[in-house]
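Since the structure is predicted, the reported quantities are computational estimates derived from the model, not experimental observations. What's counted below: heavy atoms across the whole structure, side chains too, no hydrogens, waters or symmetry copies.
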Amino acid sequence: MSSTVLCRILHCVKNEVVCLRGQHRLYSRCLSPNHSSSNVKQKRMKLLSFPSQTGLSRTDNSVFSMRKVFRHSSTEEELQFQLTPVQINRILRANEQSVKIPEFDGKNLNPVLKFESNQLPANSPNEDRRSAATCLQTKGMMFGVFDGHAGYACAQAVSERLFYYIAVALMSQKNLEEIEFAMEHMKPVLPILQWYKPINDYIYRKPASLYLDHLRVFWQELIDHDNAEGMSTGDSLAYAFKRLDSDISLEAQVPLDSDIMRNMAIQVAFAGSTACVTHVDNIDLHVANSGDCRAILGVQEEDGSWSSLPLTHDHNALNPSELARVRSEHPKSEENTVVTGDRLLGLLMPLRAFGDVCFKWSKELQQSILENGFDLETLDIYHYAPPNYLTPPYLNVDPELTYHKLRPQDKFLILATDGLWDMLSNDEAVRLVAEHLTGIHLEEPVAASERQVKLGQMHSLLLKRRARAVPSRDPNVATHLIRHSIGTNEYGEIEQVQLAAMMSLPEDLTRMYRDDITVTVVYFNSDLIKAHYKENNLRFL
């Protein structure tokens with residue numbers, strides 16, 4: 001983060017204040033003298049309508065205003081942050097997960113050595129989710145990150161359900177028939193997935209029966225397709241994404257047994273979530289991405305140098321091919337209104353997502369559903385009529401699929417929501433993980449422009465290099481990435497004042513400077529991958 005941004009943070013939190021106590025910290029809030037509305041432009045926002053937790057309120061003229069939030073300072077000139085390094089570490093490490101994977105699971109060799117994951121929320125509650133599981137009736141492991149918007153409900157549902165849809169689509173006809181027989185005769189059903197759930201991850205339990213009913217309908221249809229070997233991995237990923245999104249839409253339209261289930265189905269459908277999922281089986285790596293999360297490979301060449309290999313493309317207006325795709329799906333007359341201000345209909349940043357039925361259903365269907373006695377305020381549903389909503393649907397969840405054959409030089413995979421990529425480039429993230437993995441800081445060669453520099457410029461260059469030599473303070477590499485994404489200065493050095501500033505911001509101001517961040521780093525067993533190539537007389541590039 002540049003010193004300019006840091007100075008802006010420090011400036012905006014200095015003011016005369018009344019001290020309020022928040023969780024783990026003290027902070028202060030005061031309203032502007034005339035309490036007038038002010039337009040707030042956020043660095044990154046998926047929607048222009050916000051949950052109540054952000055502190056935004058809607059005025060009569062439909063303009064959003066935000067209460068100014070300030071933090072207490074003990075003097076006029078010096079800001080005293082209340083978070084100590086110990087408190088910062090406690091917050092940063094609260095959602096850590098680290099799992100070592102056995103090389104042999106009793107049936108197959110596993111190319112995954114271990115994975116490490118972490119989350120740092122900006123929204124309250126956190127709208128990101130993550131998942132990791134092993135397929136028990138087929139082969140392979142799955143990892144996923146899910147970035148929710150307009151609430152967490154959709155991301156929560158997708159993180160719990162999508163892997164089951166993928167695993168079922170991969171299963172053979174025989175396995176599906178065995179599961180259906182067990183269900184029909186009320187016998188124990190063989191487990192489909194082995195989950196790796198962090199201790200503090202939330203699980204929806206109330207809609208479990210509804211989710212199982214629709215999953216069963218899905219596998220019954222697969223049985224009718226009479227596909228003896230099951231679908232290919234790529235087809236399974238694509239079909240599962242689209243089928244789950246269809247079920248989410250259907251559940252919000254049909255009568256359900258209880259008001260709780262009905263309300264939850266509506267919440268999930270009107271919220272939204274992007275998703276990036278990987279399936280690893282031996283040396284076969286498949287990625288399915290819908291939205292602006294990313295999957296990036298860390299590659300180490302024979303000379304020891306590192307590079308990043310993107311396995312996804314961001315599905316937003318900054319991607320020219322994605323922008324052209326969206327515009328091509330609507331009449332020429334809408335070319336200038338489908339995407340405005342780099343957002344779908346001027347509102348939504350990602351151009352593919354689960355849920356978000358307000359961008360998929362007709363106006364008539366939305367009205368008929370929401371007139372059925374729902375209390376939208378209680379349900380935290382922020383329904384709005386997008387401008388120029390003429391030829392829906394404007395949004396779909398169709399994932400972009402990527403296949404990569406793992407090589408011995410492919411050392412790790414970074415899966416992360418856009419909160420990380422807002423702060424770090426692909427190459428920066430790979431460098432940080434590589435340095436954490438090897439314990440060696442990676443020096444960049446002196447550029448031609450740096451060979452003739454003035455003394456002050458040389459001092460700046462030396463500071464950058466010194467910062468790179470500082471050892472990591474985080475055993476978990478996901479925490480290492482998150483710490484660097486929010487706490488480094490222009491020299492790449494962790495700056496305690498900046499880190500304290502970012503971590504100490506009150507909840508309704510944090511979202512102005514960063515998004516929720518979720519990171520999962522998967523490490524591969526290079527020796528096992530190399531042995532596979534040797535045994536099968538394969539060449540790797």
Is the shortest heavy-atom distance from the side chain of [X] to the side chain of [Y] under 4.5 Å?
X	Y	value
Ser307	Val430	no
Phe115	Tyr196	yes
Phe146	Glu160	no
Ile517	Ser485	yes
Arg130	Leu415	no
Val268	Glu251	no
Ile486	Leu120	yes
Glu435	Trp306	no

Report the C-alpha separation of His149 and Asp356 in whole Å, then their side-chain angles, then the decisive distance to 0.1 Å, and conclude whether the side chain to side chain contact (heavy atoms under 4.5 Å, CB included) test is met.
-> CA-CA 9 Å; His149 46 264; Asp356 283 321; 2.6 Å; yes
Under 3.5 Å, is there a donor-acceptor pair between the side chain of [X] and the main chain of [Y]?
X	Y	result
Ser526	Pro408	yes
Gln97	Ser117	no
Asn319	Asp314	yes
Asp516	Glu127	yes
Ser159	Ala155	yes
Thr518	Arg129	no

Which atoms form the tightest heavy-atom contact between [X] and [Y], and what is the distance?
X	Y	result
Ile266	Ala252	CD1-O, 3.6 Å
Cys293	Asp147	SG-CB, 3.9 Å
Thr391	Tyr394	N-OH, 2.8 Å
Asn95	Pro121	ND2-CD, 4.3 Å
Leu193	Cys135	CD2-CA, 4.0 Å
Gly355	Asp245	N-OD1, 2.9 Å

Please walk me through it: do Tyr403 and Asp284 pass side-chain hydrogen bond (donor to acceptor under 3.5 Å, both in side chains)?
-> CA-CA 7 Å; Tyr403 171 73; Asp284 298 318; 2.4 Å; yes
Could you walk me through whether Asp410 and His404 pass the side chain to side chain contact (heavy atoms under 4.5 Å, CB included) test, one step at a time?
-> CA-CA 10 Å; Asp410 299 329; His404 178 79; 2.8 Å; yes
Spacing of [atom1] belonging to [X] relative to [atom2] belonging to [Y], to within rounding of 0.5 Å:
X	Y	atom1	atom2	answer
Lys411	Leu437	NZ	CG	8.5 Å
Arg431	Leu424	CZ	CG	8.5 Å
Met264	Gln156	CE	CD	9.0 Å
Thr134	Met141	OG1	CE	4.0 Å
Asp515	Thr510	CG	OG1	11.5 Å
Ser249	Leu365	OG	CG	7.0 Å

Trace of the salt bridge (charged side-chain N to carboxylate O under 4.0 Å, His left out) decision for Glu322 with Arg352 | CA-CA 9 Å; Glu322 186 70 3; Arg352 306 189 197 191; 2.8 Å; yes
Does [X] have any side chain to side chain donor-acceptor pair (under 3.5 Å) partners at least two apart in sequence or in another chain, and if so, which?
X	answer
Thr337	none
Lys242	none
Thr417	Asp128

Checking side chain to side chain donor-acceptor pair (under 3.5 Å) against Arg93, which of Asp474, Asn118, Thr479 comes through?
->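 It is Asp474; the other options fail the test.
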Does the distance from a Lys or Arg side-chain N to an Asp or Glu carboxylate O, for Lys332 and Glu335, drop under 4.0 Å?
-> yes
Charged N-O contact under 4.0 Å between Arg243 and Asp247 = yes
Check the pair Arg483, Asn476 against side-chain hydrogen bond (donor to acceptor under 3.5 Å, both in side chains), reporting the backbone distance first and the verdict last.
-> CA-CA 11 Å; Arg483 186 188 296 271; Asn476 185 300; over 6 Å; no
Can you list the steps and then say if Phe218 with Tyr239 is a ring-ring contact (aromatic ring centres under 6.0 Å, His included)?
-> CA-CA 11 Å; Phe218 179 47; Tyr239 196 27; 5.5 Å; yes
So with a 6.0 Å cut-off around NZ of Lys197, is the heavy-atom count from everything else above 12?
-> yes
Can you tell me if CZ on Phe241 sees more than 12 non-hydrogen neighbours from other groups inside 6.0 Å?
->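 Check passes, neighbour count above 12.
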Tyr164-Trp195 aromatic ring centre distance below 6.0 Å | yes
Test item: side-chain donor near acceptor, Ser308 and Asp427, under 3.5 Å = yes
Steps toward side chain to side chain contact (heavy atoms under 4.5 Å, CB included) verdict (His480, Leu432) = CA-CA 8 Å; His480 181 65; Leu432 286 166; 3.9 Å; yes
Do Arg161 and Tyr211 meet the cation-pi criteria used here (NZ or CZ under 6.0 Å from the six-membered ring centre, within 45° of the axis)?
-> yes
Sole candidate of Thr278, Asn289, Thr402 that passes side-chain contact (heavy atoms from CB on, under 4.5 Å) when paired with Thr312 =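 Going through Thr278, Asn289, Thr402 one by one, the side-chain contact (heavy atoms from CB on, under 4.5 Å) with Thr312 is satisfied by Asn289 alone.
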Give the intermediate values and the outcome of side-chain hydrogen bond (donor to acceptor under 3.5 Å, both in side chains) for residues Ser98 and Lys114.
-> CA-CA 7 Å; Ser98 183; Lys114 65 176 180 177; 5.7 Å; no
